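Here the structure is laid out as structure tokens; the discussion comes afterwards.
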Amino acid sequence: MTELKPPYLAFDPATRRLRLDPHEPAFFQDPYEAYAYLHGASSAIFWEEFGFWCFGGFDDVNRLLRDRRFGRQNPAGIPDSRGIGQDRTHLSAFDGIEANSMLELEPPVHTRLRTLVNRAFVSRQVERLRPRVEALANELIDRFEPGEVDLLPAFAAPLPITIIAEMLGVRVDMGPQLLDWSHRMVAMYMHGRTRETEDTANRAARDFSNFLRGYVAERRKRPGEDLLSLLIAAQEDGQKLSEDELVSSAILLLNAGHEATVHQTGNAVRSILAQGGDPRRFFASPEATAATVEECLRFDAPLHMFTRYAYQEVEAGPGIIVGPGETIGLLLGMANRDPVAFTEPLAFRPDRADQKNLSFGAGIHFCIGAPLARLELQVSLKTLFERLPQLHLAEQPRFRDSYHFHGLETLAVGF
Ligand code: HEM
């Protein structure tokens with residue numbers, strides 16, 4: 001069935017060109033209405049506001065993320081070259097971090113950095129954190145003001161930032177400062193950023209990196225059991241990691257280690273509450289809890305678009321030729337609701353037989369933190385709803401005006 005066209009977008013089926021402002025409130029409040037229409041019209045579209053071809057079919061996104069003729073590293077060697085103007089001197093600290101970040105690199109450097117960090121994030125290691133995550137979730141709930149609370153600052157944010165800071169061995173009371181640096185840096189990836197966004201991001205990058213350099217110097221003198229000490233040991237043992245790579249990896253883990261999890265927690269609570277009834281039914285067994293978290297990831301993912309550069313001329317989809325250096329967009333949130341890949345894609349059904357999602361990406365950049373994020377979501381959501389089964393929305397939550405990072409402004413709940 002072809003869905004009705006939302007009034008705020010224009011789509012030409014002949015050229016597959018889409019006009020849709022990602023800052024349109026009706027869109028960022030509910031992108032799934034537009035996705036449903038586009039799935040019926042064409043899941044490959046030239047999105048004019050971004051200026052590149054985007055793909056929203058599940059198989060296309062899955063295939064293109066794994067296609068090594070595309071990659072995240074800018075072929076011109078300039079990280080995040082989609083900047084304002086050509087002069088990037090005001091972004092030197094930010095660029096310095098990206099230039100050494102595995103997320104922005106391709107093999108062989110990507111493989112070396114990822115292999116070093118990955119050891120700490122494999123499921124077996126992460127599973128050992130379960131009791132700590134459980135204790136922390138309970139502590140945070142104990143601290144809720146009676147009656148009503150905004151779950152984002154009181155629960156969704158402090159949990160992942162504390163866990164990743166503890167893993168790395170960074171002082172946990174730095175949490176608010178880390179959050180602030182991180183928010184300023186990730187603003188660089190939003191559509192329509194300004195010179196002020198860039199200046200602020202660069203200052204945050206400089207301060208964050210100075211802080212970590214000081215911290216690394218301290219840890220060198222007094223190593224601990226933490227990930228930073230492990231990475232320092234790897235650096236000292238045969239130069240596997242330069243000082244800049246060490247600092248970039250720590251910043252990437254601290255930022256990526258909470259930004260998406262915070263939003264996914266908020267989106268998941270919202271999705272579960274929207275089902276009505278006793279929320280504890282979604283957490284009746286470890287298997288049910290795991291399935292609920294997978295469905296939350298599919299149903300309302302926090303990251304909706306990632307891009308890739310083409311390294312050669314490629315036919316990315318039927319009749320869509322992308323030249324070397326050109327960008328394509330991969331719409332993870334749209335792929336997760338593809339009617340070709342899912343029966344009843346719009347329904348929240350943790351018991352679905354076709355359970356899968358692209359929320360953590362695919363291919364060589366597949367989220368390194370997926371086992372940790374899954375564990376945090378399973379433990380935090382189960383603890384929250386088991387302790388507060390009467391939890392309900394105190395007001396209708398609204399999404400922030402940031403299409404890429406699909407998350408709520410606030411999540412006021414009563415219990
Ligand atoms: C629900 C929570 C999360 C979601 C939805 C998510 C999603 C993603 C996605 C989609 C990518 C791939 C980007 C691309 O292909 O261009 C990615 C990469 C990455 N994520 Fe996550 N992430 C989450 C939590 C975490 C956590 C907790 C950590 C940290 C420990 C983390 C660390 C990373 C890193 C380091 C990469 C880069 C991997 C690489 O380039 O090889 N993420 N994440």
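Both ligands and their constituent atoms are indexed starting at 1 by order of listing. Since we're looking at a predicted model, the values are computed, not measured.
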What do you reckon, does [X] put a non-hydrogen atom under 4.0 Å from ligand 1?
X      : value
Met167 : no
Glu259 : no
Leu332 : yes

Side chains of [X] and [Y] in contact at under 4.5 Å (non-hydrogen atoms):
X      : Y      : answer
Tyr311 : Pro324 : no
Leu18  : Glu48  : no
Phe28  : Ser402 : no

Protein contact of atom 38 (C) of ligand 1 - nearest heavy atom, named by residue and atom, plus distance: Arg114 NH1, 3.4 Å

Backbone of Val247 reached by a side-chain donor or acceptor of Arg213 within 3.5 Å: no

Any donor-acceptor N/O pair, Glu315 side chain to Gly319 backbone, under 3.5 Å: yes

Taking every non-hydrogen atom, the tightest pair across Asn202 and Ser92: OD1-N, 3.4 Å

Element-labelled atoms of ligand 1 that are located less than 4.0 Å from some non-hydrogen atom of [X]:
X      : answer
Ser359 : 5 (C), 7 (C), 10 (C)
Leu252 : 35 (C)
Thr261 : 2 (C), 24 (C), 27 (C)
Leu303 : 6 (C), 7 (C), 8 (C)

Shortest reach to atom 19 (C) of ligand 1 by a heavy atom, considering only Pro302, Cys367, Pro371: Cys367

